[in-house]
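Predicted model only: the values in this text are computed from it and were never measured. Naming: A, B, ... by sequence-line order, numbering from 1 per chain.
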Amino acid sequence: MEIFVLAFFALGYLVLAGADIGVGMTLPYLGRTAAERREVIAAIAPFFLGNEVWLVTAAGVLAGLFPELEGELLSGNYTLVVALVLSWVVRDMGLWLRGRVERAGWQALCDGATVAGSWGLALTWGLLLSHVLLGLTGPVTVLPALVVAALFGTHGLAFAALRLRGGLRERAGVLSGGAGEARTYALTAAALLAVGVLAGLRLPLHPGTSGPVLVPVVLALVPFLVAAQGWVWWTFRHRVTGPSYL
Amino acid sequence: METVDLARLQFALTAGAHFLFVALTLGLATLVALLQTRATLTRSPVHLRMTRFWGQLYLINYAMGIVTGLVMEFQLGLAWSGLTEYAGNVFGSALAVETLVAFFVESTFLGLWIFGWNRLNRWAHLALIWVVTLTAYASAFWIMVANGFLQHPAGHVPDGAALRLADLGAMAGNPAAQLAFWHVMGGAMLTGGFFMAGVSAYHLRRRTPEQDFFRKSLRLGLGLALPAAMFTVTFGGLQFQTMQPSKVAVWSGRTELMAEAQTAMTALHGPGDWLPPVAGVRVAGVLMMVLWVVMIMVAGTGVPLMAFRPVVRAFRPWHWLLTLMIPVPFVTMLAGWVFREMGRQPWAVYGLLTTAEAMSPVTPAQIRVSLAAFVTVFAVLVAVNYWLLARHARRGPGAVALGGTPVEAAPAAPVPAF
């Protein structure tokens with residue numbers, strides 16, 4: 001049961017936050033002007049906080065249910081995890097602070113932070129997964145990492161095509177072709193799930209001893225957590241028509 | 001410095017930065033929730049504007065709290081895998097409950113609150129800020145449960161080479177967690193209250209056009225700060241009963257007590273230096289108490305003064321004083337935290353696992369690089385946060401983006417995206 005709890009939050013993160021990481025990666029391509037970039041960011045703005053918290057929770061679940069694995073996984077990949085966390089911080093600051101100062105230079109700096117942080121996240125995830133999944137070391141890990149990053153990017157484009165209108169939607173839909181953005185999103189989501197499940201299968205998932213106390217608490221909460229996020233998705237189900245608070 | 005000292009420094013800087021941001025976040029969230037309640041009940045325009053203005057400052061600060069919190073969460077597994085392996089089944093459970101019960105809900109609903117202005121029913125929108133505020137308290141509670149366990153282990157049983165969670169209730173009911181939680185909550189309200197009063201005093205002193213707005217804000221801020229100061233000191237005092245003997249000995253400064261504590265620890269754990277750093281603990285403790293006295297004097301004289309409208313409007317030296325008080329609660333919070341955490345040394349889990357044993361097997365080079373990277377990022381974050389808060393506070397309620405007329409206007413026939 002512990003494994004399903006961890007998988008639920010980790011896979012939820014990959015699919016949900018994967019999309020807004022991908023949008024961040026493709027921001028220079030999607031948004032050619034500052035105004036366009038702000039509209040592209042509005043596509044993920046109401047979601048990204050609720051998306052990234054899936055990883056915070058996955059890390060919390062790892063700490064509570066798999067403490068030994070948590071230590072091994074994080075300290076064993078020390079430099080990569082530090083790079084991942086730093087990319088996450090840089091990206092979040094870019095997103096959060098962009099709209100707080102009305103200066104072109106500031107907004108360009110924040111956009112740069114969002115793009116760099118998103119690429120940093122995608123690539124460090126790619127390196128971590130190719131490490132864990134394929135057991136690779138050395139320069140060859142770059143190849144699977146690039147594949148994973150491309151997957152995040154495609155997933156982001158599909159999500160952007162679902163959320164945007166007009167010219168921006170067309171630009172985002174470039175890879176969808178005649179298939180439609182919903183189908184592309186489903187495909188990239190499935191691919192991310194597959195990567196996540198395969199990585200999970202390679203991990204030594206031996207739960208700690210707090211499962212009997214903790215798992216019932218988690219299972220009782222999950223419906224509320226999902227309903228809360230459902231409310232967000234329902235409230236912001238319409239296509240973006242202009243800039244938002246961020 | 002040894003690797004373990006570098007790792008300690010890295011965690012101290014992370015937790016210290018996070019703690020600074022979170023203290024203000026908790027206090028401001030409470031004030032914003034109170035303001036929005038008033039605005040929703042009475043439809044008073046000034047209270048609505050107050051909600052938006054203080055809400056924007058709250059959000060700027062919240063963002064910093066989140067990112068430093070992320071770093072902190074990952075640091076436990078990164079640099080302290082000895083701790084997670086030994087005690088993770090117990091204190092990791094508190095972290096798991098924190099992320100699930102509190103932080104997940106807080107973040108989800110905060111997104112709705114920020115982007116749902118003018119979009120959601122006003123009662124639903126009010127409910128959101130209360131959910132956000134109460135889950136922020138819950139977050140603080142479970143973090144203090146985790147910290148309380150490290151200070152004074154409870155609810156666990158030994159299980160081979162590690163600990164096992166035996167009683168979640170005993171861990172959550174641990175006095176070292178409960179009393180500290182209320183103490184920290186009081187400190188957070190003190191921080192938020194003085195922040196609001198100080199920013200308001202700045203505007204009153206500058207005679208900006210928003211007199212009514214900032215007179216009301218000043219009264220609310222000081223009105224929260226005074227009871228919060230009393231509340232904080234009460235739970236601070238109570239904590240001395242649950243304090244570790246070695247910390248008590250070092251705090252008292254009496255050599256015979258220190259020798260006694262050292263002998264008792266040596267008898268239990270063998271030879272070693274079992275006392276926390278004397279100077280650090282004492283300086284931090286004294287600083288915390290002295291600054292508390294300063295705050296209680298300013299809040300205590302301020303509350304009667306604020307009953308007189310001409311004084312609130314025109315007593316400039318008082319305005320100066322209140323603005324200068326803004327950093328004081330932050331310094332006090334940090335001093336209190338150093339007193340609590342440094343006083344626990346050399347233990348990671350008091351009496352069970354030393355800090356040196358708690359460390360991950362990482363190389364000095366790894367720690368040096370990550371420490372340099374985190375220090376740089378935190379310095380930038382603190383500077384940017386201070387600059388943005390000051391800038392938005394100075395500009396006043398006229399320039400607030402949060403909750404303005406919807407920039408993302410709903411089209412006549414909305415197109416569902418999914």
Side-chain angles (χ1 to χ4, degrees), chain A residues 42 45-47 49-50 53 56-57 59-65 67-68 70-75 78-79 81-82 85-86 88-90 92-93 96-97 99-101 162-163 165 182 208-210 213-214 217-218 221 224-225 228-229 231-233 235-245, chain B residues 60 63 66-67 70-71 73-74 76-79 81-82 84-85 88-90 92-93 95-101 103-105 107-112 114-116 119-120 159 164-165 168 360-362 366 369-370 373 377 381 384 388 392 401-402 407-411 414-418:
Chain A
F47 303 102
L49 193 56
V53 81
V56 178
T57 305
V61 166
L62 199 58
L65 293 177
E68 205 164 324
E70 188 215 11
E72 278 170 29
L73 206 58
L74 298 191
S75 69
Y78 191 90
T79 310
V81 176
V82 169
V85 173
L86 285 173
W88 190 355
V89 171
V90 167
D92 266 22
M93 290 337 295
W96 271 104
L97 301 180
R100 303 286 66 78
V101 178
L162 278 172
R163 293 282 299 147
R165 302 195 315 165
T209 52
S210 51
V213 185
L214 211 51
V217 178
V218 178
L221 283 166
F224 293 102
L225 303 184
Q229 295 230 328
W231 189 13
V232 177
W233 282 69
T235 305
F236 302 103
R237 66 193 177 282
H238 302 303
R239 284 182 187 275
V240 168
T241 55
S244 75
Y245 175 74
Chain B
I60 291 170
I66 283 195
V67 294
L70 299 178
V71 179
E73 190 189 21
F74 281 82
L76 288 170
L78 277 170
S81 61
T84 53
E85 272 166 34
N89 282 307
V90 190
S93 305
L95 295 181
V97 175
E98 190 268 338
T99 57
L100 278 158
V101 181
F103 194 64
F104 196 100
V105 179
S107 282
T108 308
F109 281 52
L110 185 67
L112 265 175
I114 299 170
F115 297 99
R119 207 184 251 268
L120 293 165
D159 180 23
R164 186 161 56 82
L165 177 62
L168 189 64
S360 305
V362 289
Q366 283 176 318
V369 171
S370 64
V377 169
L381 289 182
V384 168
L388 282 177
H392 284 268
L402 176 69
V407 274
E408 197 190 332
V415 194
F418 30 75

Item to check | Heavy-atom pair of closest approach, residues Pro46(A) and Phe115(B) | outcome: CA-CD1, 3.5 Å
Checklist entry - Which atom names give the shortest non-hydrogen contact between Gly71(A) and Ser81(B), and what distance separates them? => result CA-CB, 3.5 Å
Item to check | Between Val85(A), Leu65(A), Leu73(A), the one whose heavy-atom pairs under 4.5 Å with chain B are most numerous | outcome: Val85(A)
Item to check | Interface residue of largest heavy-atom contact number with chain A, from Leu78(B), Val67(B), Leu95(B), under 4.5 Å | outcome: Leu78(B)
Checklist entry - Can you find a side-chain donor-acceptor pair between Ser360(B) and Tyr78(A) that sits under 3.5 Å? => result no
Item to check | Interface moiety of Val232(A) toward chain B, non-hydrogen atoms closer than 4.5 Å | outcome: both
Next on the checklist: Distance check, rounded to the nearest 0.5 Å: Glu70(A) atom CD versus Thr84(B) atom OG1?
Outcome noted: 5.0 Å
Item to check | Rounded distance [0.5 Å steps], CD in Gln229(A) versus CG in Leu112(B) | outcome: 9.5 Å
Checklist outcome for this item: The interface call for Phe104(B) against chain A, heavy-atom contacts under 4.5 Å, is both
Checklist outcome for this item: Per-residue tally against chain A (heavy atom, under 4.5 Å) across Leu110(B), Asn89(B), Leu165(B) peaks at Asn89(B)
Next on the checklist: I'd like to know which of Leu168(B), Val101(B), Leu388(B), Ile60(B) tops the heavy-atom pair count under 4.5 Å against chain A.
Outcome noted: Leu388(B)
Item to check | Top contributor to chain B contacts, counting heavy-atom pairs under 4.5 Å, from Gly208(A), Ser75(A), Ser210(A), Gly50(A) | outcome: Ser75(A)
Item to check | Per-residue contact mode, Leu100(B) against chain A (heavy atom under 4.5 angstrom) | outcome: both
Checklist entry - How many angstroms lie between CG in Leu225(A) and OG1 in Thr108(B), if you round to the nearest 0.5 Å? => result 7.5 Å
Checklist entry - What closest approach, in Å, do Phe109(B) and Ala228(A) show between heavy atoms, and which atom pair accounts for it? => result CE1-CB, 3.0 Å
Checklist entry - Thr99(B): what forms a side chain to side chain contact (heavy atoms under 4.5 Å, CB included) with it, not counting sequence neighbours? => result Val56(A), Thr57(A), Glu73(B)
Next on the checklist: Using 0.5 Å steps for rounding, measure from the CG atom of Leu76(B) to the CG atom of Leu62(A).
Outcome noted: 11.5 Å
Checklist entry - After noting the C-alpha distance and the side-chain angles of Leu49(A) and Ile66(B), does the key distance pass the side chain to side chain contact (heavy atoms under 4.5 Å, CB included) rule? => result CA-CA 10 Å; Leu49(A) 193 56; Ile66(B) 283 195; 3.3 Å; yes
Item to check | Portion of Val71(B) that has a non-hydrogen atom of chain A nearer than 4.5 angstrom | outcome: both
Item to check | Thr79(A) side chain reached by Val369(B) side chain, heavy atoms, under 4.5 Å | outcome: no
Next on the checklist: Is Ala182(A) in contact with chain B via its backbone, its side chain, both, or neither, using a 4.5 Å heavy-atom distance?
Outcome noted: neither
Checklist entry - For Val384(B), is it the side chain, the backbone, both or neither that has a heavy atom under 4.5 Å from a heavy atom of chain A? => result side chain
Item to check | Greatest number of heavy atom pairs closer than 4.5 Å to chain B - which of Val61(A), Thr235(A), Leu221(A) | outcome: Thr235(A)
